[in-house]
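For reference, the structure is listed below as structure tokens.
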Amino acid sequence: GPGPLSQRLQDLEDAGVVVRVMLPEPARVVVYDLTEWGHGLEAVNTALALWAVSSPRLPLEADMSPDTLVLAMRAHARPLPDSAGECRVALGLSDSRHPDRDRVDYVATMTVAGTTVTKGVEPGPVAAEVYATTRAWKACVIGGVPLADAPDVAIVGDPAAARALLDATRLALPDVH
């Protein structure tokens, strides 16, 4: 019978979460894409992430994959404060658990309207490039470690833009009154 992943994808397709797409020549491979309804899961995931980080027993030392860490950043993303124009920062994350794997690249775009973090490399200038291990970046984003004190974080370009990215995507614990 089909392997566990194939079966899971088939179940998700039957449920209407994903749709199978055949890529055109020369690729001619089948890929899966989220349906519009499937994309709604990101809001569910965000709600779960925000709920989980409020746990008194959150394992802050647990490692995350680059994509999971970026999902957490998106869950906490805020617009830029009183800034003119937009700021773009490239983010390259190396998986601390798998040092042999290729770096995963993202581009964050911060504006007064909001902040987005997308996977891949986009054309156009960036104010800064940030390269980090997932462990180090997680310490900044979720653990509250200041960029200046973070090991394994390299910044190329404007350090203020890198700080803006962190300010726009780090976990701000709710004030407890």
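Just so it is clear, the values below take in all heavy atoms, side chains as well, and ignore hydrogens, waters and symmetry mates.
No single ILVMFWY cluster, assembled from side-chain heavy atoms under 4.5 Å apart, contains both Val153 and Val126. Cluster membership for Leu5 and Val31, using ILVMFWY side-chain heavy atoms within less than 4.5 angstrom, is not shared. Under the 4.5 Å side-chain contact rule for hydrophobic residues, Val18 and Val21 do not share a cluster. Under the 4.5 Å side-chain heavy-atom criterion for grouping Ile, Leu, Val, Met, Phe, Trp and Tyr, Leu69 is connected to Val104 within one hydrophobic cluster. Following chains of ILVMFWY side-chain contacts shorter than 4.5 Å, one can reach Leu12 starting from Tyr32, so the two form part of one hydrophobic cluster.
In terms of the side chain to side chain donor-acceptor pair (under 3.5 Å) criterion, residue partners of Thr134 (sequence neighbours excluded) are, by chain and number, Ser96. Scored by the side chain to side chain donor-acceptor pair (under 3.5 Å) test, Arg97 finds Asp95 as partners (sequence neighbours excluded). Every residue two or more places apart in sequence or in another chain that forms a side chain to side chain donor-acceptor pair (under 3.5 Å) with Asp14 is listed here: Gln10.
Think of Val145 as one node in a network of Ile, Leu, Val, Met, Phe, Trp and Tyr side chains linked at under 4.5 Å; it has no links at all. Counting side-chain heavy-atom gaps under 4.5 Å among Ile, Leu, Val, Met, Phe, Trp and Tyr, the cluster of Val156 also holds Tyr131.
The two residues Lys119 and Arg74 make their nearest non-hydrogen contact at N-NH2, 4.5 Å.
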Query raised in the report: Would Ile142 and Arg170 satisfy side chain to side chain contact (heavy atoms under 4.5 Å, CB included), going step by step from the backbone distance to the final call?
Result: CA-CA 6 Å; Ile142 295 177; Arg170 70 186 159 80; over 6 Å; no
Query - CA sep, side-chain torsions, deciding dist, call: Trp137, Val130, side chain to side chain contact (heavy atoms under 4.5 Å, CB included) - result: CA-CA 10 Å; Trp137 191 243; Val130 178; 3.8 Å; yes
Requested in this report: I would like to know whether Val17 and Trp37 meet side chain to side chain contact (heavy atoms under 4.5 Å, CB included); could you show each step before the answer?
Outcome: CA-CA 6 Å; Val17 176; Trp37 185 61; 3.5 Å; yes
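Taking NZ of Lys138 as the reference point, atom CG of Leu171 lies at 10.5 Å (rounded to 0.5 Å). Atoms OG1 and CZ, on Thr116 and Arg88 in that order, are 9.0 Å from each other to the nearest 0.5 Å. To the nearest 0.5 Å, atom CG of residue Leu91 and atom CG of residue Asp105 are 8.0 Å apart. Interatomic distance, CE of Met73 versus SG of Cys140, reported as 10.0 Å (0.5 Å rounding).
Taking 4.5 Å as the limit, every side-chain heavy atom of Glu13 sits out of range of all side-chain heavy atoms of Val19.
Taking a 6.0 Å sphere around CZ of Arg8, one finds it holds 12 or fewer heavy atoms contributed by other residues, nucleotides or ligands.
In this structure a side-chain-to-backbone donor-acceptor pair under 3.5 Å is present from Tyr106 to Asp67. Checked by atom type and distance alone, the side chain of Thr111 never pairs as donor or acceptor with a backbone atom of Glu86 at under 3.5 Å. The main-chain N or O of Thr133 is never found under 3.5 Å from a side-chain atom of Ser94 such that the two would form a donor-acceptor pair.
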Compile the donor-acceptor pairs under 3.5 Å between side chains in residues 161-169 and protein atoms, sequence neighbours left out, one pair per line.
unit_1, atom_1, unit_2, atom_2, d
Thr169, OG1, Leu165, O, 2.7

